[in-house]
Amino acid sequence: MGRTKLIVIFSLLPFVLIQQGYTQTTEEFLVTDFDGGGILPDAWSSYGDLGPYGVQPGRPNSDGKYYELVWNGSTTQGYIVSQSEITFRLIPKRKLKEKNIDNVYLKLDVNCGSAPGTVVNIVLVDGPNDCCTNEVNWIYSFTKNTCDWETIEINLAEFGYAYDPNNHEKSIDIHKVGRVKIGMDVFSGPQRQTVQFDNVALVVKDKVKKYNADTEIADDTTLKKRANDFYVGVAVNPRRIKDTDYSTLYKKEFNSITAENAMKMKSILKGMDTNGNLVYDWTESDRIVDFAEINNMNLHGHTLIWYESIPDFLKDFKGTNEAFETIIEKYITNVVSRYKGKVDSWDVVNEAIADGTSDLRKSVFLERMGPDYVKKCFQYAKNADQEVKLFYNDYGLIYDKKKQQGAFTLVDDLIAENLIDGVGYQLHIDFNFPSKLDIKTATDLIVQRKLLVHFSELDVKTNPKGDIETFTESRSHAQGKKIYEVVSVFNSLPKEYKYALTLWGLKDDDSWITPRYGFPDWPLLFDSTFQKKRAYSGFLQALE
Ligand code: G3I
C-alpha cells in the first residue's frame with residue numbers, strides 16, 4: 001500500500017497564557033493561511049509562493065525525504081498539497097506553556113484531495129529544538145471520508161498518550177509538555193493521494209467543557225439516571241445475576257442488559273436427535289430473559305449468528321447445504337419466537353466481515369448458505385418477530401476502513417430490503433485509540449442511514465501492550481477521558497438514533513480481556529471491589 005506522509009509543524013505565534021480563572025472569550029491565533037503560487041521542493045505544491053508569506057524550506061533529513069520549514073507568520077489566502085511520501089515541519093518559535101492545552105484547539109480546513117478515506121494523523125511533538133531526536137509524539141487520527149473542504153477543531157488535550165522514548169515504562173502526560181510542535185502525517189490508499197489543508201489556527205477558548213478526572217460523584221447519581229434518552233447496558237451472565245453484589249449494582253446503574261455468552265448459539269443449541277429435531281437448552285438464556293423481565297430492563301439479544309459460536313455438530317454437519325440452511329432457519333425462528341416480546345433487539349449476525357477487507361469472513365454460514373446468508377438470517381428473524389429491532393454488530397468499524405466499507409455495503413443491502421433497524425459498534429478500544437473524531441465520523445455513518453446506534457460492547461484497555469503491572473494514575477486518567485469521549489460522541493447523536501450504550505461487563509476482574517490477551521488490565525467502570533473508577537465519572541461527566 002502506498003503511503004503519503006507529511007508532517008507540518010508550525011509556529012505557535014504570539015500565544016496568550018490562559019491561567020486558571022482567567023476569563024476570555026474565544027480567541028484565534030491564526031498560524032498559517034497559505035496563498036500565492038509556487039511549488040515547494042519535491043513534494044508540496046502550494047497555491048501561493050510560501051517563501052514571501054513566511055514559510056521557508058529547511059534542510060532535508062538523511063533520506064532526503066525530510067524538510068524543515070520555518071513559519072514566520074503570514075495571514076494570506078491559499079493552501080498546500082502533499083503529493084508523495086515526504087515530511088515537512090513548521091517549527092514553533094515559542095513554547096506552549098504547560099497546563100494550558102485543555103482550552104487550546106487546533107483548527108484547520110482539510111480536504112482529502114482525490115482520495116476519500118484518507119487517514120490524517122495530526123502529531124503533537126515535544127522535544128528539543130533541533131529536529132526529531134528524542135521527540136515524543138502524540139497522535140490524533142481521523143479519516144477524511146469525503147472530498148470537500150471541512151473545518152475541524154481538535155482539542156489538544158484529546159491527543160492520545162505517548163511513550164517517553166527514553167523510558168518505555170513511563171507514559172507521558174500530555175499536559176506536562178513544555179514545547180509543542182504540531183504536524184500532520186497523512187497515510188494514503190493504494191495510489192498516490194493528496195491531502196490539502198489551509199487556514200491552520202490555534203484557538204483558545206474560555207469556559208470549555210472538559211473532562212475532569214477527579215470530580216466528586218454525588219451518592220444518588222447513577223448512569224441510567226444521567227442518561228435520560230438512551231439505555232445504559234451491561235453484559236451479564238446467569239451466575240452473576242444471582243449474586244447480590246452484582247445484581248444490586250446492575251439494577252441500580254443500568255436499564256438494559258446483554259447476555260455476555262448465554263444467548264449465543266453454542267449455549268442454546270445442543271445438537272440434533274435421531275429424528276432430526278434440534279435439541280435446545282434454554283436454562284441459561286431463560287434466566288437472563290427472566291432477570292430483564294422481573295427488573296423491567298431492556299434486553300438486547302446477543303447473538304443469533306456468530307462464526308465463533310457454532311456447536312460442534314453444525315461445524316461438522318454432514319448433510320446437504322439445504323439441510324444446513326433449514327437448521328439455521330429453524331434455529332433463528334425458534335429462538336426469536338420463544339423470546340418474542342421479551343427480547344427488545346437482536347444482534348442477528350455478529351462480525352460477518354473479515355478484518356482488513358471488505359469481504360465476508362470465511363465461515364460455515366458463508367460456505368453452506370452462500371453470500372446472501374446475512375440477508376437470509378435477517379429475514380428469518382424478521383419473519384419470526386416483526387417488532388423486534390434487528391442489528392448488525394461488529395468490531396473495528398471505526399478504524400478499519402475496508403472493513404467499514406464492507407460492513408456498510410452489507411448494511412445498505414439490508415436497508416434496501418427493510419430488514420435492519422440498527423448497527424452495533426462493539427468498541428473494544430484502547431485508552432489512547434481510536435480518536436474521538438474518528439469515533440464520531442464512523443458513528444455518523446450509522447446516523448446518515450437513519451439507523452439506531454448501539455455502542456454494544458464498550459471496554460477500554462489500559463494495558464494493550466502489556467507495559468504496566470499495576471493500574472497507574474496516568475492510565476486511569478486516560479481511560480476516564482476515553483470513556484468521556486465515547487459517551488460524549490454517543491450523547492451528541494440525534495435523540496431518535498440513540499439506542500443503547502452497553503458496557504462489556506461490570507468490574508475489571510470479570511473482563512474477557514485479561515484471559516484473552518494475557519496482560520493484566522482494568523478495562524471497565526468498576527474495580528474488583530465494586531468501587532467506581534475514574535472511567536465511571538468520565539461516563540457521568542459526558543452526560544452533564
Ligand atoms: O463455560 C466455560 C466454563 O465452564 C469454564 O469454567 C471456563 C474456563 O475458562 O470456560 C468457560 O467458557 C468460556 C466462556 O467465555 C465463559 O466464561 C469460554 O472458554 C470463553 O471462550 C468465553 O469467552 C467469551 C467469548 O466472547 C467467546 O464466546 C467471552 O466471555 C465474551 O466476553 C466474548 O464476547 C465477545 C462477544 O460475544 C462478541 N464480540 C467480541 C467479544 C469479546 O471476544
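Since the structure is predicted, the reported quantities are computational estimates derived from the model, not experimental observations. In what follows, residues are counted from 1 in the order of the sequence shown. Note that ligands are numbered from 1 as they come in the structure, with each ligand's atoms numbered from 1 the same way.
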(request) Tell me which part of Lys266 gets within contact of ligand 1: side chain, backbone, both or neither, using heavy atoms under 4.0 Å. (result)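 The answer is neither; Lys266 stays 4.0 Å or more away.
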(request) Would you check whether Trp504 reaches within less than 4.0 Å of ligand 1, judged by its heavy atoms? (result) yes
Could any protein non-hydrogen atom be found less than 4.0 Å from [atom]?
atom                    : value
atom 10 (O) of ligand 1 : no
atom 3 (C) of ligand 1  : no
atom 13 (C) of ligand 1 : no
atom 19 (O) of ligand 1 : no
atom 16 (C) of ligand 1 : yes
atom 42 (C) of ligand 1 : yes
atom 32 (O) of ligand 1 : yes
atom 7 (C) of ligand 1  : no

Is [X] in polar range of ligand 1, meaning some N or O pair under 3.5 Å apart?
X      : result
Trp306 : no
Lys264 : yes
Trp512 : no
Asn350 : no

(message) Are Phe254 and Tyr231, when compared by the centres of their aromatic rings, separated by less than 6.0 Å?
(response)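 Centroid distance Phe254-Tyr231: not below 6.0 Å, so no.
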(message) Just to confirm my output: which protein heavy-atom neighbour is closest to atom 39 (N) of ligand 1, and how far is it?
(response)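 The protein heavy atom lying closest is Glu457 OE1, 2.7 Å.
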(request) Measure the distance from atom 24 (C) of ligand 1 to every protein heavy atom, then report the residue, atom name and distance (to 0.1 Å) of the closest one. (result)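 That would be Asn261 OD1, 3.2 Å.
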(message) Pairing donors with acceptors under 3.5 angstrom, does anything connect the side chains of Glu351 and Trp306?
(response)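 Yes.
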Please identify which atoms of ligand 1 are closer than 4.0 Å to at least one heavy atom of [X].
X      : answer
Glu351 : 38 (C), 39 (N), 40 (C)
Arg516 : 43 (O)
Glu260 : 29 (C), 30 (O), 31 (C), 32 (O)

(request) Please determine if Lys224 and Glu253 form a salt bridge, counting it only when a charged side-chain N lies under 4.0 Å from a carboxylate O. (result)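 The answer is no: the pair does not qualify as a salt bridge.
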(message) Just to verify, which of Tyr499, Phe539, Phe455 counts as forming a ring pair (Phe, Tyr, Trp, His ring centres under 6.0 Å) with Phe490?
(response)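 Single ring pair (Phe, Tyr, Trp, His ring centres under 6.0 Å) partner of Phe490 among Tyr499, Phe539, Phe455: Phe455.
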Partner of [X] by side-chain contact (heavy atoms from CB on, under 4.5 Å), out of [options]:
X      : options                        : answer
Val460 : Lys482, Glu485, Arg475         : Lys482
Ile257 : Thr502, Asn295, Ile241, Leu299 : Leu299
Asp459 : Ile429, Asp521, Ile513         : Ile513
Gln426 : Leu397, Leu458, Asp347, Asn350 : Asn350

(request) Determine the minimum heavy-atom distance between Phe391 and His300, stating which atoms define it. (result)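 Smallest interatomic distance, heavy atoms only, reads CD1-CE1, 4.1 Å.
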(message) Test side-chain contact (heavy atoms from CB on, under 4.5 Å) on Leu524 and Leu506; report intermediate values, then the result.
(response) CA-CA 6 Å; Leu524 294 166; Leu506 184 72; 5.9 Å; no
(message) In terms of relative ring orientation, are His428 and Trp512 parallel, tilted or perpendicular, with 30° and 60° separating the classes?
(response)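 Taking Trp512 first and then His428, their aromatic rings stand perpendicular (interplane angle over 60°).
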(request) Look at atom CG of Asp273 and say whether more than 12 heavy atoms of other residues, nucleotides or ligands are closer to it than 6.0 Å. (result) yes
